Amino acid sequence: MTDSKEISQLRRTLLLGAAGASVAGYDLSAFAQSGAKSLKISHQFPSGTDFRDRLCKKFGEEVTKKTNGELKFDVYPQSSLMKTNAQFSALRKGALDFSFYPMPYAGGEVVEANIGLMPALVTSYEQGAKWKNAEVGKILNKVMESKGIVIVSWVWQAGGVATRSGPIVVPDDVKGVKVRGGSREFDAMLKAAGASVMTSIPSNEIYQAVQTGSLEAAYTSSASLMSFKLAELTKNFTSAKNKSYWYMLEPLMMSKTVFDSLTPKQRDVIMAVGVDMEKFGTEQAKLDDIDASIAFVKAGNKVFEMDTSVVDKWKAVAKNSAWKEFSERNETCAAMMRSAEKLS
(Lines give C-alpha, C1' and ligand atoms only; values in the text may rest on other atoms or scores of the structure.)
Protein backbone atom coordinates (compact mmCIF):
# COMPACT_ATOMS: atom_id res chain seq x y z
CA MET A 1 0.00 0.00 0.00
CA THR A 2 1.25 3.53 -0.76
CA ASP A 3 2.35 5.24 2.49
CA SER A 4 1.58 8.85 3.42
CA LYS A 5 5.00 10.07 2.30
CA GLU A 6 4.52 8.65 -1.21
CA ILE A 7 1.02 10.13 -1.42
CA SER A 8 2.34 13.55 -0.42
CA GLN A 9 5.09 13.37 -3.03
CA LEU A 10 2.59 12.34 -5.72
CA ARG A 11 0.27 15.20 -4.78
CA ARG A 12 3.17 17.68 -4.88
CA THR A 13 4.22 16.34 -8.30
CA LEU A 14 0.74 16.77 -9.73
CA LEU A 15 0.49 20.31 -8.39
CA LEU A 16 3.84 21.21 -9.90
CA GLY A 17 2.73 19.72 -13.21
CA ALA A 18 -0.47 21.74 -13.18
CA ALA A 19 1.63 24.85 -12.64
CA GLY A 20 3.75 24.06 -15.69
CA ALA A 21 6.81 22.89 -13.72
CA SER A 22 9.10 20.17 -15.02
CA VAL A 23 9.70 17.42 -12.51
CA ALA A 24 12.53 15.00 -13.20
CA GLY A 25 11.67 11.35 -12.91
CA TYR A 26 7.94 11.71 -13.38
CA ASP A 27 5.95 11.17 -16.59
CA LEU A 28 3.25 13.80 -16.16
CA SER A 29 1.65 12.87 -19.48
CA ALA A 30 0.73 9.54 -17.93
CA PHE A 31 -1.22 11.34 -15.22
CA ALA A 32 -2.97 13.47 -17.87
CA GLN A 33 -3.97 10.37 -19.83
CA SER A 34 -5.43 8.73 -16.72
CA GLY A 35 -8.52 10.90 -17.16
CA ALA A 36 -9.13 9.80 -20.75
CA LYS A 37 -12.67 8.68 -21.55
CA SER A 38 -13.01 5.43 -23.50
CA LEU A 39 -15.92 5.14 -25.92
CA LYS A 40 -17.26 2.13 -27.80
CA ILE A 41 -18.28 2.02 -31.47
CA SER A 42 -20.30 -1.02 -32.56
CA HIS A 43 -21.28 -2.14 -36.06
CA GLN A 44 -22.25 -5.29 -37.98
CA PHE A 45 -19.59 -5.26 -40.70
CA PRO A 46 -16.34 -7.22 -41.17
CA SER A 47 -13.14 -5.72 -39.85
CA GLY A 48 -10.57 -4.16 -42.17
CA THR A 49 -11.97 -5.00 -45.59
CA ASP A 50 -15.26 -3.07 -45.20
CA PHE A 51 -15.01 0.72 -45.54
CA ARG A 52 -17.57 1.21 -42.78
CA ASP A 53 -15.25 -0.45 -40.29
CA ARG A 54 -12.36 1.65 -41.58
CA LEU A 55 -14.48 4.79 -41.28
CA CYS A 56 -15.22 4.02 -37.63
CA LYS A 57 -11.54 3.43 -36.87
CA LYS A 58 -10.48 6.54 -38.78
CA PHE A 59 -13.09 8.58 -36.93
CA GLY A 60 -11.83 7.33 -33.57
CA GLU A 61 -8.21 8.01 -34.40
CA GLU A 62 -8.95 11.56 -35.56
CA VAL A 63 -11.06 12.43 -32.52
CA THR A 64 -8.40 11.02 -30.18
CA LYS A 65 -5.76 13.10 -31.93
CA LYS A 66 -7.79 16.32 -31.92
CA THR A 67 -8.75 15.95 -28.23
CA ASN A 68 -5.14 15.22 -27.23
CA GLY A 69 -6.12 11.79 -25.97
CA GLU A 70 -9.08 12.95 -23.86
CA LEU A 71 -11.36 10.63 -25.86
CA LYS A 72 -10.32 7.16 -26.91
CA PHE A 73 -12.22 4.56 -28.90
CA ASP A 74 -12.68 0.81 -29.17
CA VAL A 75 -14.35 -0.44 -32.37
CA TYR A 76 -16.35 -3.68 -32.24
CA PRO A 77 -17.00 -5.10 -35.76
CA GLN A 78 -19.34 -7.91 -36.84
CA SER A 79 -21.79 -7.26 -33.99
CA SER A 80 -19.18 -8.65 -31.59
CA LEU A 81 -20.26 -6.30 -28.79
CA MET A 82 -24.00 -6.76 -29.20
CA LYS A 83 -26.47 -8.03 -31.80
CA THR A 84 -27.20 -5.77 -34.74
CA ASN A 85 -30.83 -5.00 -33.99
CA ALA A 86 -30.08 -4.26 -30.31
CA GLN A 87 -27.69 -1.42 -31.06
CA PHE A 88 -30.24 1.34 -31.67
CA SER A 89 -32.05 0.75 -28.37
CA ALA A 90 -28.71 0.63 -26.58
CA LEU A 91 -27.77 4.02 -28.05
CA ARG A 92 -31.04 5.53 -26.92
CA LYS A 93 -30.49 4.29 -23.36
CA GLY A 94 -26.86 5.39 -23.20
CA ALA A 95 -25.71 1.76 -22.93
CA LEU A 96 -23.75 2.12 -26.19
CA ASP A 97 -21.74 5.16 -27.23
CA PHE A 98 -21.66 4.94 -31.06
CA SER A 99 -22.96 2.73 -33.85
CA PHE A 100 -22.56 2.82 -37.62
CA TYR A 101 -26.15 1.83 -38.16
CA PRO A 102 -28.55 1.56 -41.12
CA MET A 103 -31.20 4.20 -40.48
CA PRO A 104 -34.24 2.09 -41.50
CA TYR A 105 -33.26 -0.65 -39.02
CA ALA A 106 -34.50 1.81 -36.40
CA GLY A 107 -37.93 2.05 -38.07
CA GLY A 108 -39.56 -0.32 -35.60
CA GLU A 109 -38.91 2.15 -32.77
CA VAL A 110 -38.97 5.43 -34.69
CA VAL A 111 -41.28 5.26 -37.71
CA GLU A 112 -39.72 8.37 -39.30
CA ALA A 113 -36.41 6.48 -39.62
CA ASN A 114 -37.94 4.39 -42.43
CA ILE A 115 -37.35 7.27 -44.82
CA GLY A 116 -33.68 6.26 -44.73
CA LEU A 117 -34.38 3.62 -47.38
CA MET A 118 -37.33 4.89 -49.36
CA PRO A 119 -37.29 3.22 -52.80
CA ALA A 120 -36.49 5.51 -55.73
CA LEU A 121 -36.67 8.63 -53.58
CA VAL A 122 -32.90 9.13 -53.70
CA THR A 123 -31.32 8.15 -57.00
CA SER A 124 -27.82 9.64 -56.70
CA TYR A 125 -25.20 10.40 -54.06
CA GLU A 126 -25.43 14.08 -54.91
CA GLN A 127 -29.15 14.10 -54.22
CA GLY A 128 -28.70 12.26 -50.92
CA ALA A 129 -26.02 14.73 -49.80
CA LYS A 130 -28.57 17.55 -50.03
CA TRP A 131 -30.73 15.99 -47.32
CA LYS A 132 -28.56 17.01 -44.39
CA ASN A 133 -29.16 20.76 -44.78
CA ALA A 134 -32.63 20.56 -46.33
CA GLU A 135 -35.89 20.47 -44.38
CA VAL A 136 -36.01 16.67 -44.58
CA GLY A 137 -32.66 16.40 -42.81
CA LYS A 138 -33.49 19.03 -40.21
CA ILE A 139 -36.72 17.24 -39.36
CA LEU A 140 -34.98 13.86 -39.18
CA ASN A 141 -32.26 15.31 -36.94
CA LYS A 142 -34.87 16.77 -34.61
CA VAL A 143 -36.80 13.50 -34.43
CA MET A 144 -33.70 11.45 -33.73
CA GLU A 145 -32.48 13.84 -31.03
CA SER A 146 -35.88 13.62 -29.35
CA LYS A 147 -35.35 9.84 -29.26
CA GLY A 148 -31.87 10.12 -27.76
CA ILE A 149 -29.74 9.93 -30.92
CA VAL A 150 -27.20 12.33 -32.43
CA ILE A 151 -26.36 11.85 -36.12
CA VAL A 152 -22.60 12.41 -36.39
CA SER A 153 -21.89 11.46 -40.03
CA TRP A 154 -24.42 11.31 -42.86
CA VAL A 155 -23.33 8.50 -45.18
CA TRP A 156 -25.35 7.25 -48.16
CA GLN A 157 -24.80 3.94 -49.93
CA ALA A 158 -26.24 2.67 -53.18
CA GLY A 159 -27.15 -0.97 -53.56
CA GLY A 160 -28.19 -3.65 -56.00
CA VAL A 161 -29.85 -7.05 -55.98
CA ALA A 162 -28.28 -10.51 -56.21
CA THR A 163 -30.40 -13.53 -57.13
CA ARG A 164 -30.20 -17.30 -57.15
CA SER A 165 -32.93 -17.39 -59.79
CA GLY A 166 -33.49 -15.11 -62.78
CA PRO A 167 -32.23 -11.52 -62.83
CA ILE A 168 -34.26 -8.70 -61.30
CA VAL A 169 -34.09 -5.57 -63.42
CA VAL A 170 -37.64 -4.24 -63.95
CA PRO A 171 -40.64 -4.62 -61.58
CA ASP A 172 -42.15 -7.57 -63.45
CA ASP A 173 -39.00 -9.60 -62.71
CA VAL A 174 -39.72 -9.74 -58.99
CA LYS A 175 -43.13 -11.44 -59.18
CA GLY A 176 -43.27 -14.51 -56.95
CA VAL A 177 -39.62 -14.22 -55.90
CA LYS A 178 -38.67 -14.65 -52.22
CA VAL A 179 -36.74 -11.45 -51.63
CA ARG A 180 -35.24 -9.25 -48.92
CA GLY A 181 -35.56 -5.50 -49.53
CA GLY A 182 -33.83 -3.94 -46.54
CA SER A 183 -36.56 -1.74 -45.07
CA ARG A 184 -40.27 -1.68 -44.40
CA GLU A 185 -40.81 0.84 -47.18
CA PHE A 186 -38.70 -1.00 -49.73
CA ASP A 187 -40.57 -4.18 -48.87
CA ALA A 188 -43.87 -2.36 -49.45
CA MET A 189 -42.80 -1.52 -52.99
CA LEU A 190 -41.64 -5.09 -53.65
CA LYS A 191 -44.96 -6.48 -52.40
CA ALA A 192 -46.82 -4.08 -54.69
CA ALA A 193 -44.74 -5.45 -57.59
CA GLY A 194 -45.75 -9.01 -56.68
CA ALA A 195 -42.75 -10.26 -54.68
CA SER A 196 -42.88 -12.69 -51.76
CA VAL A 197 -41.11 -10.55 -49.18
CA MET A 198 -39.19 -12.03 -46.28
CA THR A 199 -39.40 -9.98 -43.10
CA SER A 200 -36.41 -7.69 -43.15
CA ILE A 201 -33.23 -9.14 -41.68
CA PRO A 202 -29.87 -7.47 -41.05
CA SER A 203 -27.47 -7.67 -43.98
CA ASN A 204 -25.06 -9.81 -41.96
CA GLU A 205 -27.71 -12.57 -41.90
CA ILE A 206 -28.46 -12.59 -45.64
CA TYR A 207 -25.82 -15.15 -46.61
CA GLN A 208 -27.32 -17.87 -44.42
CA ALA A 209 -30.84 -17.09 -45.62
CA VAL A 210 -29.79 -17.40 -49.27
CA GLN A 211 -27.73 -20.50 -48.54
CA THR A 212 -30.69 -22.28 -46.93
CA GLY A 213 -33.07 -21.26 -49.70
CA SER A 214 -35.36 -19.14 -47.54
CA LEU A 215 -34.28 -16.24 -49.77
CA GLU A 216 -33.95 -16.28 -53.55
CA ALA A 217 -32.89 -12.67 -53.91
CA ALA A 218 -31.47 -9.95 -51.71
CA TYR A 219 -31.10 -6.20 -52.02
CA THR A 220 -28.35 -4.58 -49.99
CA SER A 221 -25.54 -2.07 -50.35
CA SER A 222 -22.63 -2.73 -52.68
CA ALA A 223 -20.33 -2.86 -49.65
CA SER A 224 -22.44 -5.54 -47.94
CA LEU A 225 -22.85 -7.55 -51.13
CA MET A 226 -19.08 -7.93 -51.18
CA SER A 227 -18.38 -8.14 -47.46
CA PHE A 228 -20.92 -10.91 -46.94
CA LYS A 229 -19.79 -12.78 -50.09
CA LEU A 230 -23.22 -13.12 -51.72
CA ALA A 231 -21.60 -13.77 -55.12
CA GLU A 232 -20.64 -17.25 -53.91
CA LEU A 233 -24.31 -18.24 -53.85
CA THR A 234 -25.98 -16.27 -56.65
CA LYS A 235 -26.22 -16.39 -60.44
CA ASN A 236 -27.33 -12.88 -61.37
CA PHE A 237 -26.55 -9.43 -60.08
CA THR A 238 -28.09 -6.05 -60.88
CA SER A 239 -25.49 -3.39 -60.14
CA ALA A 240 -25.69 0.13 -58.72
CA LYS A 241 -22.68 1.27 -60.73
CA ASN A 242 -24.62 3.51 -63.14
CA LYS A 243 -28.06 4.00 -61.60
CA SER A 244 -29.99 2.65 -58.64
CA TYR A 245 -33.33 3.02 -56.88
CA TRP A 246 -31.82 1.55 -53.67
CA TYR A 247 -30.04 4.24 -51.63
CA MET A 248 -29.74 3.85 -47.88
CA LEU A 249 -28.83 6.45 -45.28
CA GLU A 250 -26.37 4.67 -43.02
CA PRO A 251 -25.00 7.18 -40.53
CA LEU A 252 -22.57 7.10 -37.66
CA MET A 253 -24.87 7.65 -34.70
CA MET A 254 -24.08 8.58 -31.12
CA SER A 255 -26.01 8.32 -27.89
CA LYS A 256 -27.29 11.79 -26.98
CA THR A 257 -26.89 10.94 -23.31
CA VAL A 258 -23.19 10.28 -23.86
CA PHE A 259 -22.81 13.26 -26.21
CA ASP A 260 -24.32 15.62 -23.64
CA SER A 261 -21.95 14.31 -20.96
CA LEU A 262 -18.89 15.54 -22.87
CA THR A 263 -17.34 19.00 -22.77
CA PRO A 264 -18.38 21.55 -25.43
CA LYS A 265 -14.93 21.29 -27.04
CA GLN A 266 -15.16 17.48 -27.20
CA ARG A 267 -18.62 17.69 -28.75
CA ASP A 268 -17.37 20.18 -31.35
CA VAL A 269 -14.48 17.89 -32.29
CA ILE A 270 -16.79 14.89 -32.68
CA MET A 271 -19.14 16.76 -34.99
CA ALA A 272 -16.30 18.29 -37.03
CA VAL A 273 -14.60 14.93 -37.56
CA GLY A 274 -18.01 13.45 -38.37
CA VAL A 275 -18.33 15.90 -41.26
CA ASP A 276 -14.84 14.96 -42.48
CA MET A 277 -15.84 11.29 -42.55
CA GLU A 278 -18.78 12.00 -44.89
CA LYS A 279 -16.46 12.68 -47.82
CA PHE A 280 -14.49 9.51 -47.10
CA GLY A 281 -17.70 7.47 -46.82
CA THR A 282 -19.12 8.72 -50.11
CA GLU A 283 -15.88 8.13 -51.99
CA GLN A 284 -15.62 4.59 -50.68
CA ALA A 285 -19.28 3.82 -51.37
CA LYS A 286 -18.87 4.90 -55.01
CA LEU A 287 -15.78 2.72 -55.38
CA ASP A 288 -17.71 -0.22 -53.93
CA ASP A 289 -20.44 0.20 -56.56
CA ILE A 290 -17.76 -0.41 -59.20
CA ASP A 291 -15.94 -3.14 -57.29
CA ALA A 292 -19.15 -5.09 -56.62
CA SER A 293 -19.77 -5.49 -60.35
CA ILE A 294 -16.23 -6.77 -60.82
CA ALA A 295 -16.53 -9.18 -57.88
CA PHE A 296 -19.79 -10.70 -59.17
CA VAL A 297 -18.38 -11.14 -62.67
CA LYS A 298 -15.32 -12.89 -61.24
CA ALA A 299 -17.59 -15.21 -59.24
CA GLY A 300 -19.42 -16.25 -62.42
CA ASN A 301 -22.55 -14.12 -62.05
CA LYS A 302 -24.20 -12.42 -64.99
CA VAL A 303 -24.20 -8.68 -64.26
CA PHE A 304 -26.93 -6.24 -65.30
CA GLU A 305 -26.97 -2.45 -65.04
CA MET A 306 -29.77 0.08 -64.77
CA ASP A 307 -30.58 3.29 -66.59
CA THR A 308 -33.01 6.11 -65.89
CA SER A 309 -35.90 4.34 -67.63
CA VAL A 310 -35.55 1.35 -65.30
CA VAL A 311 -35.42 3.55 -62.20
CA ASP A 312 -38.53 5.41 -63.37
CA LYS A 313 -40.46 2.12 -63.62
CA TRP A 314 -39.65 1.31 -60.02
CA LYS A 315 -40.45 4.87 -58.95
CA ALA A 316 -43.94 4.54 -60.40
CA VAL A 317 -44.53 1.45 -58.23
CA ALA A 318 -42.97 3.10 -55.17
CA LYS A 319 -45.10 6.26 -55.39
CA ASN A 320 -48.34 4.29 -55.23
CA SER A 321 -47.17 2.03 -52.40
CA ALA A 322 -44.24 2.92 -50.13
CA TRP A 323 -44.33 6.70 -50.65
CA LYS A 324 -48.08 6.87 -50.12
CA GLU A 325 -48.10 4.61 -47.05
CA PHE A 326 -45.24 6.46 -45.37
CA SER A 327 -46.74 9.91 -45.98
CA GLU A 328 -50.01 8.80 -44.42
CA ARG A 329 -48.40 7.66 -41.14
CA ASN A 330 -48.17 11.12 -39.58
CA GLU A 331 -47.59 14.75 -40.52
CA THR A 332 -43.87 14.53 -39.76
CA CYS A 333 -43.49 11.73 -42.29
CA ALA A 334 -45.52 13.68 -44.82
CA ALA A 335 -43.39 16.81 -44.32
CA MET A 336 -40.17 14.86 -44.80
CA MET A 337 -41.47 13.32 -48.01
CA ARG A 338 -42.55 16.70 -49.39
CA SER A 339 -39.09 18.11 -48.75
CA ALA A 340 -37.22 15.09 -50.13
CA GLU A 341 -39.30 15.04 -53.32
CA LYS A 342 -38.22 18.60 -54.09
CA LEU A 343 -34.55 17.60 -54.14
CA SER A 344 -33.01 16.37 -57.34
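Treat the numbers as computed from the prediction; the structure is a model and nothing was measured.
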Exercise for the section: Begin with the C-alpha distance, continue with both residues' side-chain angles, and end with the deciding distance and a verdict on salt bridge (Lys or Arg N to Asp or Glu O under 4.0 Å) for Glu278 and Lys132. Expected result: CA-CA 11 Å; Glu278 292 170 358; Lys132 183 177 180 178; 2.8 Å; yes

Practice task
Kindly indicate, with the supporting measurements, whether the criterion side-chain hydrogen bond (donor to acceptor under 3.5 Å, both in side chains) is fulfilled by Ser255 and Asp97.
Solution key: CA-CA 5 Å; Ser255 166; Asp97 305 313; over 6 Å; no

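Arg54 has no carboxylate O lying under 4.0 Å from a charged side-chain N of Glu61, or vice versa, which leaves the two without a salt bridge. Salt-bridge annotation for Glu331 and Arg338: present, with a side-chain N of the basic residue lying under 4.0 Å from a carboxylate O of the acidic one. Electrostatic pairing of Glu70 and Lys37 does not count as a salt bridge here, judged by no charged N lying under 4.0 Å from a carboxylate O.
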Side-chain donor-acceptor pairs under 3.5 Å in residues 156-163, sequence neighbours left out?
residue : atom : partner : partner atom : Å
Trp156  : NE1  : Gly128  : O            : 2.9
Gln157  : OE1  : Arg52   : NH1          : 3.2
Gln157  : OE1  : Ser221  : OG           : 3.4
Gln157  : NE2  : Glu250  : OE1          : 2.8
Thr163  : OG1  : Ser165  : O            : 3.1
Thr163  : OG1  : Gly166  : O            : 3.0

Pairs under 3.5 angstrom only: tabulate donor-acceptor contacts from the side chains of residues 113-124 to other protein residues two or more places apart or in another chain.
residue : atom : partner : partner atom : Å
Asn114  : ND2  : Val111  : O            : 3.2
Thr123  : OG1  : Gln127  : OE1          : 3.2
Ser124  : OG   : Gln127  : N            : 3.0

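Taking the six-membered ring where tryptophan is involved, the planes of Tyr245 and Tyr219 are perpendicular, since the angle between them exceeds 60° and thus also 30°. Note on ring orientation: taking the six-membered ring where Trp is involved, the planes of Tyr105 and Tyr101 are perpendicular (angle over 60°, cut-offs 30° and 60°).
Counting heavy atoms of neighbouring residues, nucleotides and ligands inside a 6.0 Å radius, atom NZ of Lys235 does not exceed 12 of them.
Residue pairs that meet the ring-ring contact (aromatic ring centres under 6.0 Å, His included) test with at least one member in residues 273-302, sequence neighbours left out, are Phe237-Phe296.
Atom CG in Leu249 sits 6.5 Å away from atom CG in Leu140 (nearest 0.5 Å).
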